[in-house]
Student: 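Mind looking over this structure? Questions follow.
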Number of protein chains: 2
Amino acid sequence: MKLQQLNYLVAIADNNLSITKAAEKLYTSQPGISKQLRLLESELETKIFERNGKQLAGITELGEEVISRARKVLHEINHIKNITNLINDSDSGRFSIATTQTQAQYVLPKVFSSFHGRYPNLTIDLQQGTSEQILSQLQKQEVDFAIASGNIDLGANIVKIPCFQWDRTVLFPHDHPLGDLKKIQLEDLAKYPIVTYPFMGNAKQSSLTDAFKKENLEPNIVFTARDADVIKTYVRNGFGIGIVASMAFSPQKDRDLLGYSTKDILPRCTTWLAFNKNIFLKKYMKDFINDFAPHISSEQLSHYIHQDYTSSLQLMHEHESDKAEDKPLPMHQMWHI
Amino acid sequence: MKLQQLNYLVAIADNNLSITKAAEKLYTSQPGISKQLRLLESELETKIFERNGKQLAGITELGEEVISRARKVLHEINHIKNITNLINDSDSGRFSIATTQTQAQYVLPKVFSSFHGRYPNLTIDLQQGTSEQILSQLQKQEVDFAIASGNIDLGANIVKIPCFQWDRTVLFPHDHPLGDLKKIQLEDLAKYPIVTYPFMGNAKQSSLTDAFKKENLEPNIVFTARDADVIKTYVRNGFGIGIVASMAFSPQKDRDLLGYSTKDILPRCTTWLAFNKNIFLKKYMKDFINDFAPHISSEQLSHYIHQDYTSSLQLMHEHESDKAEDKPLPMHQMWHI
DNA sequence: TACGTTTACGCTAGCCGTAAGTATG
DNA sequence: CATACTTACGGCTAGCGTAAACGTA
C-alpha cells in the first residue's frame with residue numbers, strides 16, 4: 001500500500017468517481033490512477049468502488065470505510081509536512097551568528113537593516129570572537145552561522161560559502177611621509193612599523209606576510225588587534241601605519257587619517273559564511289544568505305550544501321584563483337571603499 | 001514521503017535508536033534504513049534524531065512530534081488492512097451457491113460435510129435452478145458461486161473453473177431387455193424411449209444427441225426432467241430407460257434399477273464452478289473451491305481469475321480436449337460410480 | 001461517435017542488498 | 001579493534017506517460 005494510492009483514492013472519491021477528473025486535479029495521467037486503484041483493490045482483496053461495466057458507479061460499504069481511513073492518514077501526513085514547514089518558515093526565535101568585529105561593525109549593519117525589518121520578531125544574536133572562538137562555537141553548534149575571513153580549514157561537516165572579497169587599506173596620519181607618495185609600493189610599507197589584525201591562531205604567517213616575503217621584504221608588525229577601531233587608535237597615536245579591511249575605513253568619519261587601498265599590492269581577502277552541514281536552513285537563514293551574498297543562487301546554495309568535503313575544497317580554491325587572477329567581479333561581490 | 005520511511009522511523013525509535021536493530025526487526029538491510037531516514041529528514045528539512053557523530057543519540061523535539069504522527073498513520077494503515085482482511089477471513093455470513101439438482105443432491109453433501117464443520121457460523125444458501133436461472137443469478141451477483149455442467153458461454157466477466165468429470169449411467173428395470181446384453185451400444189439405446197435431463201435453454205441438441213447423430217441414430221427422448229430422482233421414478237414406471245449422471249445412481253439405494261455406465265459410448269461431461277471475476281474470494285470461498293476441486297492449486301486459481309476471456313476460452317477448450325482424448329485423469333477429477 | 005476506462009509498452013527513478021569506507025569508544 | 005553508521009554501486013522492480021484498444025451511452 002502506497003500513500004499515492006490513498007491520495008488517488010480520495011481524489012477519485014472527491015471528483016464524482018471520475019478517474020479522469022482526479023487525474024487532471026493531480027496533474028498526472030489517467031491510466032496511472034486507474035492502475036494504482038486496481039493494485040490497491042487487489043492488494044486489499046476488496047472492491048472499493050462499485051462498477052458499472054468499466055465506469056465507477058458508487059462506493060462500496062467497505063470502500064467508504066477505507067476512504068475515510070485514507071483521509072485520516074493523508075491528514076496526518078499533511079500535518080507532518082506542515083509542522084516541519086512551520087519550523088522552517090518560522091519568523092521568530094533566535095538567530096545566532098558568530099563573527100569578527102570588522103564584519104559586525106562595518107558589514108553586517110547594512111545587511112541587517114533590511115533583514116530585521118522583514119523579521120521583526122527574530123532575535124539576532126551576534127557573537128563576537130576570535131577566529132578560533134568562532135570556529136569552536138560553530139562546531140559545537142552554539143551558533144547557527146559563522147562569518148569570517150581567512151583560509152581556515154573548517155572540516156568536512158561545515159559548509160563554507162565565499163560571500164564577497166575585499167582589499168585592505170593602509171592608514172596613516174595626514175603628516176605621514178607615505179602621504180607624499182604618488183604610488184605606494186610594498187617596500188614603502190616595509191619601512192614603517194605596522195599595526196594590523198593578528199594572524200590566525202598563533203601562526204607566524206598570513207597572506208599579508210606572504211606578500212611581503214614574496215618581494216623579500218620583512219614587515220615590521222608592532223601591534224595587532226582584532227578591532228579595527230583599536231588599530232586606528234594606535235595609528236592615531238603614532239605607533240605605526242595601519243592595515244585594516246577597506247570597509248573599516250571611511251574617509252568621512254576618519255578624517256584625521258589618510259587611506260590608501262592596497263588592491264594593487266596586497267592580495268584580496270575573501271569573507272565567507274559557514275554553517276553546519278547537518279542543520280536545515282530555515283527560511284530566514286536562506287533570506288539572510290541571500291541578503292549577505294546575493295550572487296549565490298538557491299541552486300548554488302544547495303550545491304554547496306550537498307557536495308562533499310573534497311569538492312568543496314576545490315571550489316574554495318577556484319574562488320581563490322579568482323582572486324589571484326584579479327578578474328573583474330560583479331559589483332556586489334566587491335567591497336568598494 | 002513514503003509509508004516505509006515512517007515505518008523505518010518508528011522502528012528506529014522503538015529499538016533504542018539503533019538502525020541496525022531496526023533493520024534486523026524488519027528483515028531488511030541496515031544501509032537501506034539509514035538512507036531512507038536521511039531522505040525523509042532532508043525532505044522534511046528537519047533533523048528528527050540528534051546525532052553524536054554518526055550514531056543516533058536522541059530524538060529531536062520536532063522528531064517526537066513527527067514520530068507520534070507517524071505512529072498514528074501506521075495505525076490507520078493497519079486498520080485499513082485489518083478491516084479488509086477481517087472481511088476476507090470472516091467465517092460467518094451468507095455463502096450462496098446456485099446449482100442444479102443433481103449437484104445439490106448427489107455431489108455437494110459430501111463436500112459440505114467437512115466444510116460446514118469448519119465454518120459452523122456460515123449460512124450456506126443453496127439456490128437450485130435451471131441453467132438459465134443459475135447463469136442469470138450469477139450475472140446479477142445474486143449468488144456468489146454457480147456450479148453446473150454443460151458448455152454454457154458465461155461471458156468475459158465470469159471465471160469458470162472445470163472441477164471434475166463424470167459419465168452418464170443408463171438406468172432400466174431388472175426385467176428390461178437391455179439387462180440381457182453383455183455390452184450395450186448406442187444403437188441399443190436408440191431402440192428404447194429415453195428419459196433424461198432437458199437440454200440447455202430450448203436447444204434441440206446437446207452432447208448427448210450429438211453422440212447419437214454421429215452414428216446416424218435418432219434417440220427417442222420422451223421425457224426430460226431436471227431432477228434425477230424424477231427421472232428414476234419415470235424409469236421405474238416404465239416410461240423408458242433413464243440416462244442420468246453416474247453420481248445420481250447408487251446400486252445400493254436404487255436396487256430396483258440396473259445401471260450401466262456409458263463411459264465407452266457417450267462423451268464425458270464436465271462440472272464447473274463459476275463466479276464473477278470482480279468479486280474477491282473470501283477465505284471460506286477459497287476453502288470451498290479447494291474442497292470441491294482439490295486438484296486446483298491456489299496458483300492455478302489465481303491464474304484462472306486473472307486471465308482474460310479469450311485465453312479462458314482456450315483453457316476451457318483444452319479441458320474439453322482432455323475429455324475428447326479420454327486421457328486418464330487423477331482420481332479426484334473423476335467421479336466413480 | 002464520443003467519452004471514459006483499461007491494456008500495452010518503454011523509460012526512468014528509486015529501492016534494496018552487498019561490499020567497502022569511516023568514525024567512535 | 002570492534003561496532004555502528006555512511007557511502008558506493010549494481011540489479012531490479014515499480015511507477016509514469018504515451019498510445020492504442022475497449023466498452024458504453
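Sequence lines set the chain letters: A, B, ... in the order given, protein chains first and strands last, and positions in each chain run from 1.
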Student: How close or far is atom P of dG15(D) from atom CE of M1(A), stated in whole angstroms?
Tutor: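 In whole Å, dG15(D) P lies 13 Å from M1(A) CE.
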Student: May I ask you to evaluate whether Q36(A) reaches the phosphate of dG15(D), defined as a side-chain N or O under 4.0 Å from OP1 or OP2?
Tutor: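 Looking at the OP1 and OP2 atoms of dG15(D), one of them is under 4.0 Å from a side-chain N or O of Q36(A).
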Student: To the nearest angstrom, how far is L39(A) atom CG from dG15(D) atom C1'?
Tutor: 9 Å
Student: Rounding to a whole Å, what distance do you find between E24(B):CD and dG17(C):C1'?
Tutor: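 From E24(B) CD to dG17(C) C1': 15 Å.
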Student: When you measure from the side-chain N and O atoms of R51(B) to the phosphate of dT6(D), is any distance below 4.0 Å, counting only OP1 and OP2?
Tutor: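 Answer yes for this pair, as a side-chain N or O of R51(B) is under 4.0 Å from OP1 or OP2.
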Student: Just how far, in rounded Å, is C1' of dA4(D) from CG of N16(B)?
Tutor: 14 Å
Student: Mind checking Y8(B) for me? I need base, sugar-phosphate or nothing, with any heavy atom below 4.0 Å counting as a touch.
Tutor: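 Counting heavy atoms under 4.0 Å across all strands, the contact made by Y8(B) is with sugar-phosphate only.
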Student: Calculate the interatomic distance between Q4(A) atom CD and dC16(D) atom C1'; express it in whole Å.
Tutor: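 Atom-to-atom, Q4(A) to dC16(D), this comes out as 9 Å.
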Student: Take the protein atom NZ of K54(A) and the nucleotide atom P of dC22(D), then report the distance between them rounded to whole Å.
Tutor: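 Computing the K54(A):NZ to dC22(D):P distance gives 8 Å.
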Student: Would you mind telling me which of L37(B), L26(B), L3(B) makes a side chain to side chain contact (heavy atoms under 4.5 Å, CB included) with Y8(B)?
Tutor: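 Of the listed options, the one satisfying the test is L26(B).
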Student: Rounded to whole Å, please give me the gap between CG in L3(A) and P in dA14(D).
Tutor: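 It is 17 Å, rounded to the nearest whole Å.
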Student: Do other residues, nucleotides or ligands put more than 12 heavy atoms under 6.0 Å from the NZ atom of K283(A)?
Tutor: no
Student: Please determine if R69(B) and E65(B) form a salt bridge, counting it only when a charged side-chain N lies under 4.0 Å from a carboxylate O.
Tutor: yes
Student: Measure up the F95(A) and F288(A) rings against each other and bin them: parallel (under 30°), tilted (30 to 60°), perpendicular (over 60°).
Tutor: perpendicular
Student: Quiz question: by atom type and distance under 3.5 Å, do the side chains of Q127(B) and D125(B) form a donor-acceptor pair?
Tutor: yes
Student: If the cut-off is 4.0 Å, is S34(B) near the phosphate of dA4(D), judged by side-chain N/O to OP1 or OP2?
Tutor: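 False: S34(B) side-chain N/O out of range (4.0 Å or more) of dA4(D) OP1/OP2.
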Student: Has T20(A) got a side-chain N or O lying under 4.0 Å from the OP1 or OP2 atom of dC3(C)?
Tutor: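 T20(A) to dC3(C) OP1/OP2: no side-chain N or O under 4.0 Å.
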Student: Atom pairs, N/O to N/O, protein against nucleotides 17-19 of chain D, distance under 3.5 Å?
Tutor:
residue : atom : partner : partner atom : Å
dG17(D) : OP2  : T28(A)  : OG1          : 2.6
dG17(D) : OP2  : S29(A)  : N            : 2.9
dG17(D) : OP2  : S29(A)  : OG           : 3.0

Student: Rounded to whole angstroms, how far apart are CZ on R38(A) and C1' on dG4(C)?
Tutor: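 Checked: the CZ to C1' distance equals 13 Å.
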Student: Where do M1(B) and L44(B) land on the side chain to side chain contact (heavy atoms under 4.5 Å, CB included) test, with the steps shown first?
Tutor: CA-CA 9 Å; M1(B) 192 168 1; L44(B) 297 178; 4.3 Å; yes
Student: Of L56(B) and K2(A), whose nearest nucleotide on DNA chain D comes first from the 5' end?
Tutor: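 It is L56(B) whose nearest nucleotide is closer to the 5' end.
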Student: Using a heavy-atom cut-off of 4.0 Å across all strands, would you classify L37(B) as base, sugar-phosphate, or nothing?
Tutor: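 Nothing: the residue L37(B), judged by heavy atoms under 4.0 Å, touches no strand.
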Student: Side chains of N16(A) and K21(A): any donor to acceptor distance under 3.5 Å?
Tutor: no
